[in-house]
Amino acid sequence: MIVIKKIKNNIKQMFIVSNALNDMKNNMRPQRLVVLNIRGNYFRVLHDNALIHSKGLFVAAAMRLLMKDGSTQDHMVVDDSFFKLSASSQLAVYFHEHAHFVCGHVDRMISSNFTFLQRASYAITGSIHPMELEADMYAVRHVGIPAMIQALYEISHQMGGIMPNEIKKRIQVLSYKED
């Protein structure tokens, strides 16, 4: 009974997120912003290809952005490929990126001057940065292991079928936890 209720709630959330994000995708401005409320968590999702790609990132990223008034706001920034993911994978990515704020990763990256080259070294060597694994596990608590694994497979598909070693290892870790 509880499992069925949880599945229904997840499906309802996926529908709400998918509708909000599809509305955003269909808006033809160069930057599109939507504020999502998932389980009482308000989160800004900004569709901005140039911003995410300028950081050497792909699909989605958690970013603290400087506003015109000098304040900062936390956003999940997505590119076009995010909208090609299934609704369940979009939700998994949402919770993964949300974890970077909830777990304090963004604060730690800012205070330690975590650079693109440091991030790239993990992708190239195939090691998993502990923050990425923690964010995956946070997402798993919300969407389940199969949905998170599927999201990683879909992301690699969006990368032209190339699966970086880091993503392979993240899938292996999640598959091990599933057994």
Side-chain angles (χ1 to χ4, degrees), residues 1-18 20-22 36 38-39 41 43 45 52-53 55-63 74 76-109 112 114-179:
M1 188 77 159
I2 293 171
V3 173
I4 292 172
K5 188 173 184 179
K6 184 176 181 181
I7 290 170
K8 284 182 181 178
N9 286 340
N10 282 344
I11 290 170
K12 183 178 176 185
Q13 287 174 342
M14 282 187 268
F15 180 74
I16 291 167
V17 171
S18 183
L21 294 173
N22 281 330
L36 299 178
I38 307 287
R39 297 182 187 153
N41 295 309
F43 202 57
V45 180
I52 193 168
H53 296 162
K55 305 293 182 193
L57 301 169
F58 185 72
V59 181
M63 294 185 188
D74 294 342
M76 180 175 96
V77 182
V78 300
D79 66 13
D80 290 340
S81 61
F82 176 81
F83 298 103
K84 296 174 184 170
L85 301 175
S86 66
S88 63
S89 291
Q90 286 179 3
L91 192 62
V93 169
Y94 163 82
F95 279 113
H96 173 94
E97 297 304 334
H98 188 255
H100 289 306
F101 293 107
V102 172
C103 299
H105 300 163
V106 172
D107 293 328
R108 279 187 261 159
M109 285 187 279
S112 68
F114 191 71
T115 66
F116 170 69
L117 288 175
Q118 290 169 309
R119 175 69 184 95
S121 71
Y122 281 93
I124 292 166
T125 63
S127 20
I128 305 171
H129 193 285
M131 288 187 231
E132 291 302 313
L133 192 55
E134 186 177 20
D136 284 349
M137 297 316 296
Y138 178 90
V140 161
R141 288 195 299 274
H142 292 279
V143 299
I145 291 173
M148 190 64 217
I149 290 173
Q150 181 62 33
L152 291 170
Y153 275 115
E154 287 184 33
I155 288 167
S156 71
H157 179 74
Q158 291 302 320
M159 298 171 83
I162 299 166
M163 187 176 294
N165 290 331
E166 181 198 18
I167 290 181
K168 285 180 192 173
K169 287 206 174 164
R170 286 167 62 190
I171 290 170
Q172 288 171 349
V173 167
L174 292 171
S175 297
Y176 176 76
K177 295 208 180 272
E178 188 175 35
D179 292 338

(request) Would you confirm whether Glu166, through its side chain, and Ile128, through its main-chain N or O, come within 3.5 Å as a donor-acceptor pair? (result) no
(request) Please round to the nearest 0.5 Å and tell me the distance separating atom OH of Tyr153 and atom CD1 of Ile167. (result) 11.0 Å
(request) Could you tell me the separation between the NE2 atom of His98 and the CG atom of Leu91, rounded to the nearest 0.5 Å? (result) 11.5 Å
(message) Nearest 0.5 Å, please: how far is CZ in Arg170 from OG in Ser175?
(response) 12.5 Å
(request) Looking only at non-hydrogen atoms, find the nearest pair between Leu85 and Glu154 and report the distance. (result) CA-OE1, 3.3 Å
(request) State, yes or no, whether a side-chain contact exists between Leu57 and Val77 at a heavy-atom distance under 4.5 Å. (result) no
(request) Please report the closest heavy-atom contact between Val59 and Phe82, naming both atoms and the distance. (result) O-CB, 3.6 Å
(request) Locate the shortest heavy-atom distance separating Val140 from Met148; write the atom from each residue and the value. (result) CG2-CB, 3.9 Å
(request) Mind checking the SG-CZ spacing from Cys103 to Arg108? Nearest 0.5 Å is all I need. (result) 7.5 Å
(request) Please state whether the rings of Tyr138 and His142 are parallel, tilted or perpendicular, taking 30° and 60° as the class boundaries. (result) tilted
(message) Between His96 and Glu132, do the side chains contain a donor N or O and an acceptor N or O under 3.5 Å apart?
(response) yes
(message) Looking at every heavy atom in both Ala99 and His105, which two are closest together, and how far apart are they?
(response) O-ND1, 4.2 Å
(message) Do Val78 and Glu97 have side chains that approach each other closer than 4.5 Å (heavy atoms only, starting at C-beta)?
(response) no
(request) Would you give the length of the straight line joining atom NE2 of His100 to atom CE of Met63, rounded to the nearest 0.5 angstrom? (result) 11.0 Å
(message) Checking side-chain polar atoms at under 3.5 Å, does Gln150 have a donor or acceptor matched by the opposite partner on Ser88?
(response) no
(message) Could you report the tightest heavy-atom contact between Ala147 and Ser89, atom names first, then the distance?
(response) O-OG, 4.5 Å
(message) For the CE atom of Met76 and the CD1 atom of Ile52, what is their distance to the nearest 0.5 Å?
(response) 8.5 Å
(message) Working note: Met137 + Leu174, criterion side-chain contact (heavy atoms from CB on, under 4.5 Å); need CA distance, chi angles, decisive distance, verdict.
(response) CA-CA 8 Å; Met137 297 316 296; Leu174 292 171; 3.8 Å; yes
(message) For Ala62 versus Val106, what's the shortest heavy-atom pair and its separation?
(response) CB-CG2, 4.0 Å
